Amino acid sequence: MTHELPQQAPGANRVETFGCRLNAYESEVIRGHLEAAGKSGTIVVNTCAVTSEAERQARQSIRRLARENPGAEIVVTGCAAQIDPARYAAIDGVTRVVGNEEKMQAGTWSDTAPPAIHVTDIMAVRETAAHLVSEFDGRARAFVQVQQGCDHRCTFCIIPYGRGNSRSVPIGAIVEQVRALVAGGYREVVLTGVDVTSFGGDLPGQPSLGQMMRRLLALVPELERLRLSSVDPVEIDDDLFRLIADEPRLMPHLHLSLQAGDDMVLKRMKRRHLRDDVVRLVERVRALRPDTAFGADVIAGFPTESDAMFENTAALLADLGIQHLHVFPYSPRPGTPAARMPQVPGDIRKARAARLRDIGAANLESWTVGLVGRDDRVLIEVDGAGRGESFAPIALEAGPAVEAGTVVPVTLLGVEGGRLIGRPRIRAAA
């Protein structure tokens with residue numbers, strides 16, 4: 001996924017972001033550092049390494065930016081740059097390459113004689129510093145980093161080598177960041193990280209993710225909407241389950257790091273859950289809060305995946321009605337165990353991914369139709385459209401323009417073009 005910020009005036013700094021919500025948050029930190037350092041006209045490409053396609057897109061973007069902006073300072077950072085800095089330093093037009101730890105340090109951007117490659121050992125990093133971000137350009141919701149890195153070693157994943165081991169942001173710093181964002185007008189905050197459900201294991205007292213969220217909501221009562229990024233199906237703690245049941249400010253939407261729905265594939269991936277764990281989780285959450293919607297990341301065509309194994313995944317997604325699917329054809333990452341396993345042919349991977357996307361589209365359509373006639377509250381993002389509490393896509397019916405970032409109570413009238421149409425119930429909340 002590419003997060004390209006709006007076109008900027010000549011001489012302005014530009015940050016182009018690939019990949020996850022954490023990268024989007026970090027890009028805003030980088031933007032602040034550039035401004036503080038008095039930079040002008042610097043172009044930063046914040047890369048992703050989750051798939052080979054993500055890297056290909058980043059390299060293509062770097063070359064395009066170099067052609068369109070001859071002589072500009074072009075800095076490449078992010079996971080792909082962290083893992084293979086020399087490859088990115090060799091691209092014509094790249095001024096320098098900066099590692100994932102270094103990109104978050106103000107001194108990196110104010111250095112008057114920076115090295116061409118400034119990338120250190122990410123595995124040696126033991127703490128994650130908090131960074132105050134006051135605004136997110138072009139976005140109605142704000143992201144807050146609560147955790148960084150991952151201690152797990154799934155056989156398909158290269159990300160720990162780009163992000164390092166798991167480390168958490170202290171609760172006080174999270175509260176301070178959220179307070180600042182709410183004071184700046186943000187109505188919804190998304191807590192993000194690499195392995196969010198591992199939050200707190202490295203902090204004094206080892207607070208859980210649910211305990212941190214409970215304290216955050218108590219200490220920032222003015223926060224209207226709190227949302228989680230991707231969570232591990234077997235690491236949701238009891239405090240988080242209680243919040244799901246009792247806290248209306250926690251949005252009814254969980255995105256699962258699922259990856260597959262077949263036990264053998266999950267074992268070969270070295271995931272920490274099995275198929276039945278996911279079924280039990282979804283059933284438990286829906287019993288606590290029936291309006292909860294689910295998203296999931298799924299890999300199609302993992303090495304050794306047979307037709308029967310794939311059908312298990314397809315059936316799980318259909319049976320559970322997962323509404324928001326992110327499907328990726330398996331992409332071999334050099335240096336990972338899965339890259340050395342017997343590979344599924346590329347055309348089969350693509351066909352399986354297309355089949356899973358079709359299941360996701362059918363789930364989403366059936367679910368959105370079932371919401372017609374209900375009430376919701378939509379956070380307007382752009383052109384009178386946004387997301388409801390369960391992340392349903394909603395557009396307001398024709399009427400006066402509504403400013404992005406506004407939360408509008410609506411009654412859902414029908415579905416047009418894949419989006420629900422909402423009629424405002426009362427004047428939009430300012």
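Quick caveat, the model's predicted, so the values are computed rather than measured.
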* Check Leu258 against Arg271 and note the closest heavy-atom contact, atom names and distance. => O-NE, 4.3 Å
* Asked: Would you say Asp383 has more than 12 foreign heavy atoms packed within less than 6.0 Å of its CG?
  -> no
* Please name the pair of heavy atoms, one in Leu412 and one in Leu371, separated by the smallest distance, quoted to 0.1 Å. => CD1-O, 3.6 Å
* To do: Return yes if a side-chain donor-acceptor contact under 3.5 Å exists between Asp202 and Ser168, otherwise no.
  => yes
* To do: Report the C-alpha distance between Val265 and Thr313 in whole Å, list the side-chain angles of each, state the deciding distance to 0.1 Å, and finish with yes or no for side-chain contact (heavy atoms from CB on, under 4.5 Å).
  => CA-CA 9 Å; Val265 172; Thr313 294; 5.9 Å; no
* Should the pair Glu28-Arg31 be classified as a salt bridge under the 4.0 Å nitrogen-to-oxygen rule? -> yes
* To do: Check whether more than 12 heavy atoms from other residues, nucleotides or ligands sit under 6.0 Å from atom CD of Glu311, and answer yes or no.
  => yes
* Going by an N to O cut-off under 4.0 Å, is there a salt bridge joining Arg377 and Glu188? -> no
* Do Val45 and Phe18 have side-chain heavy atoms sitting under 4.5 Å apart? -> yes
* To do: Measure the CG-CZ distance between Leu219 and Arg179 for me, rounded to the nearest 0.5 Å.
  => 5.5 Å
* Asked: Is a donor on one side and an acceptor on the other found under 3.5 Å between the side chain of His273 and the backbone of Asp232?
  -> no
* Taking Arg225 for the side chain and Arg141 for the main chain, is one N or O donor matched with an acceptor at less than 3.5 Å? -> no
* Asked: With a 4.0 Å cut-off, would you call Arg96 and Glu102 a salt bridge?
  -> no
* Asked: Around Arg275, counting heavy atoms of other residues, nucleotides and ligands shown, do more than 12 lie under 6.0 Å from its CZ?
  -> yes
* Does any N or O in the side chain of Arg357 come within less than 3.5 Å of the main-chain N or O of Val327, such that one atom is a donor and the other an acceptor? -> yes
* Asked: Quick one: do the Gln82 and Tyr88 side chains pair a donor with an acceptor below 3.5 Å?
  -> no
* Are Glu53 and Arg349 ion-paired here, with the side-chain N under 4.0 Å from a carboxylate O? -> no
* **Residue pair Leu254, Ile236: steps toward the side-chain contact (heavy atoms from CB on, under 4.5 Å) verdict** => CA-CA 11 Å; Leu254 283 180; Ile236 297 179; 4.3 Å; yes
* Looking only at heavy atoms, which two atoms of Leu203 and Pro170 are closest? And how far apart? -> CD1-CA, 4.2 Å
* Asked: Does a side-chain heavy-atom distance below 4.5 Å link Leu22 with Gln148?
  -> yes
* Asked: Roughly how far apart are Glu389 CD and Leu250 CG, rounded to 0.5 Å?
  -> 10.5 Å
* Measure the shortest side-chain to side-chain distance between Tyr25 and Gln177 over non-hydrogen atoms and say whether it is less than 4.5 angstrom. => yes
* SG/Cys79 to CZ/Arg163 distance, rounded to the nearest 0.5 angstrom? -> 4.0 Å
* To do: Take Arg268 and Thr155 through the side-chain contact (heavy atoms from CB on, under 4.5 Å) test and state the conclusion after the steps.
  => CA-CA 7 Å; Arg268 289 172 178 166; Thr155 59; 5.6 Å; no
* **Side chains of Glu305 and Ile299 in contact at under 4.5 Å (non-hydrogen atoms)** => no
* Heavy-atom neighbours of Arg153 CZ exceed 12 at 6.0 Å -> yes
* Okay, side chain of Thr77, backbone of Val98: is any donor-acceptor separation there less than 3.5 Å? -> yes
* Heavy-atom closest contact (Asp291 atom, Pro252 atom, distance) -> OD2-CG, 3.7 Å
* Asked: Does a side-chain N-to-carboxylate-O contact under 4.0 Å join Asp376 and Arg387?
  -> no
* For Asp195 and Ser166, does a side-chain donor sit closer than 3.5 Å to a side-chain acceptor? -> no
* Polar side-chain atom of Gln147 near backbone of Gly149 as donor-acceptor pair, under 3.5 Å -> yes
* Asked: For Thr42, does its backbone N or O pair with a side-chain atom of Asn13 as donor and acceptor, under 3.5 Å?
  -> yes
* **Inter-residue atom distance Leu266.CG - Arg272.CZ, 0.5 Å rounding** => 11.0 Å
* What are the two closest heavy atoms between Leu420 and Ala392, and how far apart are they? -> CD1-CB, 3.9 Å
* To do: Please round to the nearest 0.5 Å and tell me the distance separating atom CG of Leu325 and atom CG of Leu317.
  => 5.0 Å
* Please test Phe156 against Thr336 for side-chain contact (heavy atoms from CB on, under 4.5 Å), starting from the C-alpha separation and ending with a verdict. => CA-CA 6 Å; Phe156 57 84; Thr336 61; 5.8 Å; no
* Kindly say whether Ile322 contributes a backbone atom to a donor-acceptor pair with the side chain of Asn363 at under 3.5 angstrom? => yes
* Asked: Would you say the side chain of Phe199 lies within less than 4.5 Å of the side chain of Ile174, judging by non-hydrogen atoms?
  -> yes
* Side chains of Leu356 and Phe310: does their closest heavy-atom pair fall under 4.5 Å? -> yes
* 4.5 Å side-chain heavy-atom contact, Val220 and Glu222 -> yes
* Asked: With a 4.5 Å limit on heavy-atom distance, are the side chains of Glu397 and Thr411 in contact?
  -> no
* **Smallest separation among heavy atoms of Ala89 and Val97, with atom names** => N-CG2, 3.5 Å
* Asked: Between Gln323 (side chain) and Ala293 (backbone), is there a donor-acceptor pair under 3.5 Å?
  -> no
* Checking Asn100 side chain against Gly162 main chain: does a donor-acceptor pair fall under 3.5 Å? -> yes
* **Matching residue for Met213 among Leu228, Ile171, Val146 - test: side chain to side chain contact (heavy atoms under 4.5 Å, CB included)** => Leu228
* Using the six-membered ring wherever Trp is involved, compare the ring planes of Phe391 and His253 and label them parallel, tilted or perpendicular (cut-offs 30° and 60°). => parallel
* Asked: Would you say the side-chain atoms of Trp109 pair up with the backbone N or O of Lys103, donor to acceptor, closer than 3.5 Å?
  -> yes
* Asked: How long is the gap from CG on Leu256 to CG on Asp277, to the nearest 0.5 Å?
  -> 11.5 Å
* **Check against salt bridge (charged side-chain N to carboxylate O under 4.0 Å, His left out), Arg67 and Asp92** => CA-CA 9 Å; Arg67 288 194 306 271; Asp92 286 345; over 6 Å; no
